[in-house]
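Reading through the structure tokens given below for one structure.
Chain letters run A, B, ... following the sequence lines, proteins first, then strands; residues in each count from 1.
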Amino acid sequence: MKRSHRFKRSIKPKKSLYIKLTNSNNEQDITATTSMTLSSSIKPSSSLIRANSNLKPQIPTSSSSLISFEKYAILSQDFFQIDALDLAPRLLGKFLRRDDVVLQITEVEAYRPNDSACHGRFGLTPRTAPVFGPGGHAYVYLCYGLHTMLNIVADKEGVGAAVLIRSCAPVCGLETIQLRRGQKTEKPVLLAGPGKIGQALGISTDWSSHPLYTPGGLEVLDGPEPEKILIGPRVGIAYASPEHVNALWRFAVADSPWISAPKNTLGPPP
DNA sequence: GAAAAGATTAAA
DNA sequence: TTAATCTTTTCC
């Protein structure tokens, strides 16, 4: 069934050439690059692909994101036990790891106490319990009945705050990511969007409350701080009060292609 | 016990 | 622009 979906997508007019080339690209190429750095894992390896002028560059040519993640250590729980508004931008550039899959965080949103858009606004419920727990754990919930959304719980125990991971760049395990996503692409559609992160990591709501500061399962590793960031209002919270709808609590790595829609509401900080 | 709404995605 | 899809929360 998934296969037919994939095929259907592959006959989209504008992208047909790209897909075809990717498929004819031997799979060795893809596997060979999955354990390498971000730059090499997503750089088009075929000159034919490069020749297609419709294709935008996959990554910025700056050296900011070309660092291998291996030298970075797992973050301690202290790191997460601060206001979600402080934690959110600090998570940009950090790595999410689950087994062979490593993603670099490129876009986040902060959700806080007394925030009419935060899931904690109804108080402690079975679903939202992890949000009120100590920072450093995962909060995973199902959105629209089908998308698993990964949040990182912020602040101290008793405070209802979390940071939603909206987009990432692939670093390792590209093949696994593509398999789980059901899309054999290296373009931002692979990981730009919160539901795609949960799918790429292969997590379900069972992962809610999982500690991210202990080895094994799902971990958050330290990573390089981005040179520049963009800020904007959060996405999909029209039901909240105007004050919170307008709050600029969405953060993204400037110049990264791995950013979800809408992009035109993001801009440089004042 | 029922109904509404939702921190979205993919395809048209 | 819209259908898909189903859990959580709230209301009666």
Side-chain angles (χ1 to χ4, degrees), chain A residues 1-16 18-19 84-85 87-89 91-92 105-132 138-154 160-168 177-178 180-185 187-209 231-252 258-263 265-266:
Chain A
M1 203 161 90
K2 286 218 163 149
R3 179 164 296 218
S4 66
H5 276 263
R6 226 175 292 152
F7 179 70
K8 221 170 172 185
R9 276 183 209 120
S10 72
I11 43 180
K12 271 175 91 176
K14 222 173 172 181
K15 291 170 183 166
S16 58
Y18 170 74
I19 298 293
L85 198 52
L87 177 62
L91 284 171
L92 296 175
I105 300 172
T106 53
E107 182 188 345
V108 296
E109 284 176 357
Y111 289 85
R112 309 170 75 205
N114 305 313
D115 172 4
S116 57
C118 182
H119 279 194
R121 67 189 182 280
F122 298 124
L124 200 146
T125 65
R127 179 181 64 148
T128 62
V131 177
F132 293 91
Y139 166 53
V140 184
Y141 71 91
L142 204 58
C143 183
Y144 291 91
L146 53 153
H147 307 295
T148 54
M149 315 282 273
L150 172 63
N151 296 250
I152 296 178
V153 176
V163 176
L164 171 69
I165 309 299
R166 286 194 61 86
S167 294
C168 290
I177 296 169
Q178 291 173 331
R180 288 180 178 149
R181 289 274 300 113
Q183 288 199 15
K184 201 155 191 175
T185 178
K187 299 165 83 171
V189 295
L190 187 67
L191 284 177
K196 298 171 183 176
I197 303 305
Q199 192 178 20
L201 290 170
I203 56 173
S204 65
T205 52
D206 292 343
W207 286 77
S208 207
S209 84
I231 65 172
R234 295 173 293 178
V235 180
I237 55 158
Y239 58 85
S241 68
E243 175 195 359
H244 298 134
V245 168
N246 296 324
L248 304 178
W249 293 351
R250 180 186 181 198
F251 304 87
W258 302 94
I259 302 297
S260 70
K263 294 179 186 172
T265 58
L266 289 165

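Heavy atoms of A:Thr128 sit under 4.0 angstrom from primed sugar atoms or phosphate atoms, though from no base atom. Backbone-only engagement by A:Ile237 is indicated by non-hydrogen atom pairs under 4.0 Å involving sugar-phosphate atoms exclusively.
In this structure, A:His119 atom NE2 and B:dA7 atom P are separated by 4 Å, rounded to whole Å. Put simply, NZ on A:Lys196 is 4 Å from P on B:dA10, counting in whole angstrom units. What separates CG of A:Leu150 from P of B:dT8 is a distance of 14 Å, to the nearest Å. Distance CD (A:Glu107) to C1' (B:dA7): 11 Å, rounded to an integer number of Å. One can place CG of A:Asp115 at 11 Å from P of B:dA7, the figure rounded to the nearest angstrom. Distance A:Arg112 CZ to B:dA7 P: 18 Å, rounded to the nearest Å. At whole-Å resolution of the value, CD in A:Gln183 and C1' in B:dA11 are 11 Å apart. The interatomic distance linking A:Arg127 (CZ) with C:dT7 (C1') rounds to 8 Å, in whole Å.
A:Tyr111 qualifies as a stacking partner of the B:dA7 base, centre to centre under 5.5 Å and near-parallel within 30°.
Side-chain proximity of A:Arg181 to B:dA10, C:dT9, B:dT8: nearest is B:dA10. Candidate nucleotides B:dT8, B:dA7, C:dT9 were compared by shortest atom distance to the side chain of A:Leu164, and B:dA7 ranks first. Among the nucleotides C:dT5, C:dT9, B:dT8, the one closest to any side-chain atom of A:Pro126 is C:dT9. Each of C:dT10, B:dT9, C:dT8 was ranked by its minimum atom distance to the side chain of A:Phe122; first place goes to C:dT10.
Using a 3.5 Å distance cut-off with no hydrogens or angles, the side chains of A:Ser208 and A:Thr205 do not pair a donor with an acceptor. Judged by distance alone, the side chains of A:Arg180 and A:Gln199 never bring a donor and an acceptor atom under 3.5 Å apart.
The shortest distance between the side-chain N/O atoms of A:Thr125 and the OP1/OP2 oxygens of C:dT8 is not below 4.0 Å. Phosphate contact (OP1/OP2 of C:dT8, side-chain N/O of A:Arg121, threshold under 4.0 Å): absent. The side chain of A:His147 contributes no N or O atom lying less than 4.0 Å from OP1 or OP2 of B:dA7. At the phosphate of B:dT8, OP1 or OP2 sits under 4.0 Å from a side-chain N or O atom of A:Arg166. Applying the 4.0 Å criterion to OP1 and OP2 of B:dG6, one finds that A:Tyr141 has every side-chain N and O outside that range.
Because its NZ or CZ atom is both nearer than 6.0 Å to the ring centre of A:Tyr111 and within 45° of the ring axis, A:Arg234 counts as a cation-pi partner of that residue.
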Worked verdict on A:Phe251 versus A:Leu85 for side chain to side chain contact (heavy atoms under 4.5 Å, CB included): CA-CA 10 Å; A:Phe251 304 87; A:Leu85 198 52; 3.9 Å; yes
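Classified by interplanar angle (parallel below 30°, tilted 30° to 60°, perpendicular above 60°), the ring pair A:Tyr139/A:His119 is perpendicular.
Looking at A:Leu142 and A:Thr148, their side chains come closer than 4.5 Å, going by heavy atoms from C-beta outward.
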Intra- and inter-strand pairs of DNA chain C in dot-bracket (Watson-Crick or G-U wobble, both distances under 3.5 Å; | for another strand): ||||.||||||.
